[in-house]
Protein chains: 2
Amino acid sequence: MTVTIKDIARIAGVSKATVSRSLNDSPLVAEETKKRIKELADTMGFQFNANARSLSTSRTGTIGIIYPERFGEFGVSLYYSSLLSQIRDFLEKEGLDNIVSFPKNRYTGESNIKRLIQSKKIDGLLIIHPNITDVDQRILNFIEQSKTPYVFLHHFPSFCDIEKVDAIYTDHFGGGYDATKHLIDLGHKNIICLTSHGDSMEFIQRTEGYRAALMDNDIAVKEDFVFKGYRDISSGYEIISKNFGFIVENNITGIFAQTDLMAIGVMQALKDMGKSIPDDYSIVGYDDIELVMDFRPHLTTIHQPREEIAVLTCSRLLELINGVNNNKKVNIRLNTKLIIRESTKRVDNSLEG
Amino acid sequence: MTVTIKDIARIAGVSKATVSRSLNDSPLVAEETKKRIKELADTMGFQFNANARSLSTSRTGTIGIIYPERFGEFGVSLYYSSLLSQIRDFLEKEGLDNIVSFPKNRYTGESNIKRLIQSKKIDGLLIIHPNITDVDQRILNFIEQSKTPYVFLHHFPSFCDIEKVDAIYTDHFGGGYDATKHLIDLGHKNIICLTSHGDSMEFIQRTEGYRAALMDNDIAVKEDFVFKGYRDISSGYEIISKNFGFIVENNITGIFAQTDLMAIGVMQALKDMGKSIPDDYSIVGYDDIELVMDFRPHLTTIHQPREEIAVLTCSRLLELINGVNNNKKVNIRLNTKLIIRESTKRVDNSLEG
DNA sequence: ATGAAAGCGCTAACAC
DNA sequence: GTGTTAGCGCTTTCAT
C-alpha cells in the first residue's frame, strides 16, 4: 500500500540509491533520470518515510517547543499563545513540524526535554522557561552535551551563563522602566505596581524596572506600593477593590499593571467605583495583547515584539541545526515599546495641594 | 555517546533480542535477567530511539491534531486553546506526544494530513474541521484507505456519512435551542441572535437551534434578527452599537450571542449606552470560556463540555490505535448545558403595553 | 552516472 | 529462556 523508494526503483528500472539521490536532488545523478524519477515518484504519490529517514540521517524535521507548565492556565496563554502562533507560522514556512511539551511530564515527572532528545524525536529545542526550578542545571548540562541545538526565548536566562547559550528575549527591565517613566513624565508621583506572585523572572525584572524608574526620578520606592497577584483580570480587579482605601489615602494616581489582563481588571474595578480613566487614574499595562483593543479606554501598554522574537528565535535555531554560524552564541535583547493610547493622561496639577 | 540496546547487550553479556524483550516487558524472558537488564538500562540512561522503533513497529507515540486554520486568530483560540489543553493533558498522561497542524500548509498548500500519514509521523489523528472545504472528500478517502485511526471532534461532521466515522461532538443545535428557549421562558419575545460569518458548521447549527426554539414557541422567525459578525468582542460591540436603533424600534429585550466573546462585547456596548444588564436586556452567550467570569454581570451561557470531549475523543482514538472495539464506529453527541448566571432575567411585564 | 551493500536501532520470526 | 537473523525504508560509502 505505501510506496517506497524500492517500488520506484523497481518500476523505473534503477537502483534504490539512484532513486534516493534523485529525490534528494543530488548533483551526482543525470538530470534526465532525476526528472524521470521525480515525476514517477509524484504520480505514485511517494512520500519519504520519516522514521527511516531520521534513523539514517538523524534529522527528523520536527522541532520541540518547551513551554512553562502554566501555559495551560487560561490567562497566561493569551500572550504565549500569540507567541506560539508566530513560531508555528515560521516553522510551517520551513516545512517543519513541532511538538509542544512541558519541561516535565506532569504525571510521571519525567523530563520531556531529556526524553525528546534521547529518543531522537526532534532536531532542536525552543525553550521558554520561567525560572531556575523548571530547567535545572542538570538538564541544561544534558542538553549541552547531547549537542542538541537549542535557543532560549522570551526571558533573559538568568540562571545560566548568558555567554554560553543562545537566547532571544525582550528587555523586561526596560519595559518596566518605560512604563513607570511614562507615568512619571505625565506628572504622576504616587504610582503603584501590580506584579505576579512566584519567581518568574519576567515579573521580577519588570518590578526592578519600576523601582529603578522611581529612584532615577527621586521618588521614594515604597514596598507596600507593590502588589502581588495572579496576572489575570480578576486578580487585577480584586487588588484594586480590596485596596481602594489605601489607594485613596496614598493619593495614588498612576497604576502600572504588569500584564494587560491585570490592567483590564484594574480598569473595570475603577469604573465600577465610579472612577474615570484616564481622568482620575492613569493605567499602563504590559504585553499588548490583542484583547486590550476590545476595551475602552484603549490601554496604554508595553508592547513586546512577539513576531520578532519568533522570527529571530526560529532563524537562529535553524542556523544551529544547519551548522552555520554556530561557533559563537547569539544573544539578543529586543526592546519593548511603549504604546501610548487612552488610559494615561497628564496629571492635573491645578487640583493638587 | 547515545546508548543503544546493543551497548546494553554487550555489557550485560546477552543478545540484543533479550535486551529488547526485557525493556518491553516481554513475559518470555526470565524475571531475573529482565530485572538486571532494566536496572542496567536505567543506570546507563538508555532511551529507545523512537525512529528505529517506529520503523520497526509502525508506532510513533505521537498523535496529530488537526486544527482549523483560524486557530491562529486571537479570539477563536480562547475556546479552542482550552480544548487543546485538555487534549494535551490526556495525551501526556498516556506518554504520547502531539503534533498540532493545520489541514494544509499555508505556504505550500500541501495537505498536512496526507503528509503526516504518509511520512508515518503519527499514530492517529484528531481532527477539528469546521466545514467541507477544509477537509474534502479526497483527503477523507485518503485517510480512510491509509487505515490511519482518526476521530472527528467538536462538531458534527455533516459533510460525510456519520455512520462511517468516529466522532465526538457537542450538540450545537441543542445549545442554540436551549439558549433561545431560556430567553423565551423568561418572557422575552423579541430576541436577536449574533452569529458568525462563514460556513462553519457549529454556527449554522446554533442558528438553526435558535430558529427552532422560536418556532416551537410560536414566535415568528425574522431573518433580520440574525446578525453576522466575527465571533470576537469588538464584533459584538459593533453590531450592537450600529444597530441600536433597530434594537429599540423592534423592542428587542433578549440577545443570544453565539460566542461568549461576542456576548462580552454586547454587554460592553449596552453598558456604554447607559443600559443595564439584565434589567434592560438579557444576554446569553456560548462556550463558557473562563474569561466570562471576569466580567460583571456574570454571563449566562451555554457550557460546552470540553473536558468530556477531550477525554472521550482521546480514549476513542487510543482504542482505534490499539485495535480494540474498532469494528464499529463510535458516535457521541454530548449535551451542552445552560449555565444561568446574572445576565438574564425575567422580563418585567408590568411595563409592557 | 549508477549500483551494491552496509548500516542506522529496533522488533519479531524462527531456531535451539 | 535466549540467541540468530532478517527486515523496517532510507542514506551513503565504496565500487565500477
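Each chain gets a letter, A, B and so on, in the order the sequences are listed, and its residues count up from 1. In what follows, every heavy atom counts, from backbone to side chain, and hydrogens, waters and symmetry copies are set aside. This one's a predicted model, so the numbers in the text were calculated from it and none came from an experiment.
When DNA chain C is scanned 5' to 3' for any atom under 4.0 Å from a heavy atom of chain A, the first and last hits are C:dA1 to C:dG9.
Remark: the A:Ser101 side chain and the A:Asn112 side chain contain an N/O donor-acceptor pair separated by less than 3.5 Å. At a cut-off of 3.5 Å, with distance as the only test, no side-chain donor of A:His154 or A:Tyr67 sits close to an acceptor on the other residue. Using modelled atom types, one finds a donor on one side chain and an acceptor on the other under 3.5 Å when comparing A:Tyr150 with A:Glu144. Side chains of B:Asn331 and B:Arg316: no donor on one and acceptor on the other come within 3.5 Å. A donor-acceptor contact closer than 3.5 angstrom is absent between the side chains of B:Ser85 and B:Ser82.
Taken residue by residue, residues 15-33 of chain A places heavy atoms nearer than 4.0 Å to DNA chain C at A:Ser15, A:Ala17, A:Thr18, A:Arg21, A:Leu28, A:Val29, A:Ala30, A:Thr33.
Between A:Ile87 and the choices A:Val100, A:Leu153, A:Ile309, A:Ile63, the side chain to side chain contact (heavy atoms under 4.5 Å, CB included) rule is met once, by A:Leu153. A:Lys35 pairs with exactly one of A:Glu39, A:Glu31, A:Glu32 by the salt bridge (charged side-chain N to carboxylate O under 4.0 Å, His left out) rule, that one being A:Glu39.
Whole-Å rounding puts the A:Phe48 CZ to D:dC10 P distance at 7 Å. A straight line from CD of A:Gln47 to P of D:dC10 spans 10 Å, rounded to a whole angstrom. Atom-to-atom, CG of B:Leu55 to C1' of D:dC10 comes out at 8 Å; the value is rounded to the nearest Å.
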*asked:* Run B:Met44 and B:Ile8 through side chain to side chain contact (heavy atoms under 4.5 Å, CB included) and show every step you take.
replied: CA-CA 8 Å; B:Met44 293 178 70; B:Ile8 299 180; 4.0 Å; yes
